[in-house]
Number of protein chains: 2
Amino acid sequence: MLFFTQCFGAVLDLIHLRFQHYKAKRVFSAAGQLVCVVNPTHNLKYVSNRHAVGQTSTEQSSLHSHHPHETVHDPQLIPCTCPLFSCQWKGHVEVVVSHLRQTHRINILHGAEIVFLATDMHLPAPTDWIIIHSCLGHHFLLVLRKQEKYEGHPQFFATMMLIGTPTQADNFTYRLELNRNQRRLKWEATPRSVLECIDSVISDGDCLVLNTSLAQLFSDNGSLAIGIAITASKVHAAEAEI
Amino acid sequence: MLFFTQCFGAVLDLIHLRFQHYKAKRVFSAAGQLVCVVNPTHNLKYVSNRHAVGQTSTEQSSLHSHHPHETVHDPQLIPCTCPLFSCQWKGHVEVVVSHLRQTHRINILHGAEIVFLATDMHLPAPTDWIIIHSCLGHHFLLVLRKQEKYEGHPQFFATMMLIGTPTQADNFTYRLELNRNQRRLKWEATPRSVLECIDSVISDGDCLVLNTSLAQLFSDNGSLAIGIAITASKVHAAEAEI
């Protein structure tokens, strides 16, 4: 077991070595695994939400009166699922991915198993690291968020959400794995749908949660490598066969 | 994967069912696994340490002048490793286990893979759940602690320490696993030696850390089942063969 852990540690070292040499390339492969370098983005949505709380009710009502969602009544339209910005866009679930890519410049990565390499972990909260992960015929939104749930004590929250309905999400299992310095932390769960709010997933703590000290133990040079794998459940696999 | 997770969930349900029926028996087996029911103990050491901070320096110096450790100079003697009480006992590492069992009434359990079932998770911090786990020819101290590292925000910390030297500890890997409601959290690491202070392991966060919300997600009826496995590293296995 220790030998296996050491081997995985060596793979991560290799990843970081390649990262040093090929910084210009943002996606590369190491030891057969696809590595995606993900830069942080300051979370403007969370900041503006907090700012909104401080606004007077008059200001808020004047803002709401211009809110575009009051003019849209199609129940099949869903709001923008980007966790970073308060975006007023609405559209059908099929076009969410192209909206996220084009408007919010979120990268997309293909492959069932990838390594998500989040850089600059030291940046202050609120900060998000986001990619779209495409596999098994679906798109998943992977979000790592640094947030101060308790003031003065930032924590890291990592979760995966299916760009689809909750029923579709039930057909998958995702795994997030950290491995460094003879330590391994693994989280496995059914992904939530983007139709559910990511903020509530994080406030419920129903995701991989890391204290700053634990995140530092798994980081190397300020970067955190998270191994990601998605599998289809038996029911889904049987449906695919039919 | 989802199927496997569901199976493990069913095993945990079976454990809890048996727990309801055989509450009198504190150790039983479910689905081939040995389950140990561990009751909480209020941590008097942590409370008395916090209380000591409030004492005047005069009081502290008068306490220290009577401290037995000043009269013992044998470097091979180690202090009591019980995380619960401020115990003045000192002795050789070979007799630590019998001291913990006889004086502090800590239960001992044999087997490479066991389930640690901590009851009454709702009790206020500081509270500890402790057993001695005996396997592979060694004794390990398993500690689950509820502590308020940040005031008003209790967290759970779980770790395993070898009753032996740090060099001996390097020969093992321990795994703690939580599995419930289609979620799984796994922590793997090399155990620390009891010669290192458990309080520093917890303050460093170098262990399995759970927020209250995450602990509730994995709990059933106020009890948390932690699957435990210990393996010997290759080096140690080779030594055993010689």
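Values below: every heavy atom of this structure, side chains too, minus hydrogens, waters and symmetry copies.
Heavy-atom minimum distance, A:Gly205 versus B:Ser213: CA-OG, 3.9 Å.
For A:Leu210, no part sits under 4.5 Å from any heavy atom of chain B, backbone or side chain. B:Gln155 touches chain A through its side chain: at least one heavy atom from C-beta onward sits under 4.5 Å away, while N, CA, C and O do not. Only the side chain of A:Leu217 comes within less than 4.5 Å of a heavy atom in chain B; its backbone stays farther off. Interface remark: A:Asp204 contributes backbone atoms only to the contact with chain B (heavy atom separation under 4.5 Å).
Here B:Ile108 pairs with B:Val97, B:Arg101, B:His110, B:Ile132, B:Ser134, B:His139 under the side-chain contact (heavy atoms from CB on, under 4.5 Å) rule; sequence neighbours left out.
Chain B forms more heavy-atom pairs under 4.5 Å with one residue of A:Val209, A:Thr212, A:Leu176, A:Leu214 than with any other, namely A:Leu214.
Counting heavy atoms from C-beta on, the side chains of B:Ser233 and A:Gln182 never come closer than 4.5 Å. Side-chain contact check for B:Leu185 versus A:Leu185: some heavy-atom pair is nearer than 4.5 Å.
For the atom pair NZ of B:Lys149 and NE2 of A:His153, the computed distance is 10.0 Å after rounding to the nearest 0.5 Å.
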